[in-house]
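The model shown is predicted, which means the values in this text are computed figures rather than measured ones.
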Amino acid sequence: MNKTISAFVFGLALAGAAQAQTVVTDTDGNGSYSIEELTAAYPDMTPELFAQVDVNGDGSVDADELAAAREQGVLAN
């Protein structure tokens, strides 16, 4: 029985880890993310990667652009 419970708990832990998502914080509250805000969540962020995520080229990443980058695998969840 202990093995069954252990396997169940392990499965729940894996499921939780699979659904974990990198949190990006809009520190200035303007409704979009700057390169500095994305770099805080994604330390490997480069200006080139930011430009790739910033599809419309306005210098900030909105929620839709962030979601698209995650869905396309450009950024990790």
Side-chain angles (χ1 to χ4, degrees):
M1 177 143 170
N2 279 344
K3 288 182 182 180
T4 302
I5 292 172
S6 294
F8 179 72
V9 171
F10 181 71
L12 286 177
L14 284 178
Q19 293 179 356
Q21 190 169 40
T22 301
V23 176
V24 181
T25 304
D26 178 17
T27 56
D28 61 8
N30 69 348
S32 62
Y33 306 106
S34 66
I35 191 168
E36 293 83 10
E37 291 166 333
L38 284 178
T39 301
Y42 297 99
D44 294 335
M45 181 63 57
T46 63
E48 295 79 19
L49 179 56
F50 184 82
Q52 184 179 353
V53 175
D54 179 19
V55 176
N56 66 6
D58 68 353
S60 64
V61 173
D62 64 30
D64 291 337
E65 290 170 321
L66 180 60
R70 288 174 169 167
E71 288 171 13
Q72 295 166 2
V74 175
L75 295 177
N77 286 328

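Atom OH of Y33 sits about 14.0 Å away from atom OG1 of T39, to the nearest 0.5 Å. Rounded to the nearest 0.5 angstrom, Y42 OH and I35 CD1 are separated by 14.0 Å.
At a threshold of 4.5 Å between non-hydrogen side-chain atoms, the residues L49 and Q52 count as touching. In this structure, L66 and L38 have side chains that are in contact, with non-hydrogen atoms separated by less than 4.5 Å. T22 places a side-chain heavy atom less than 4.5 Å from the side chain of R70. The closest side-chain heavy-atom distance from D28 to E36 is not below 4.5 Å.
Of the possible donor and acceptor atoms, none in the side chain of E37 sits under 3.5 Å from a partner among the backbone N and O of V24. No donor-acceptor pair closer than 3.5 Å links the side chain of E65 to the backbone N or O of S32.
Across all non-hydrogen atoms, the minimal contact from S60 to D54 is O-OD1, 2.8 Å.
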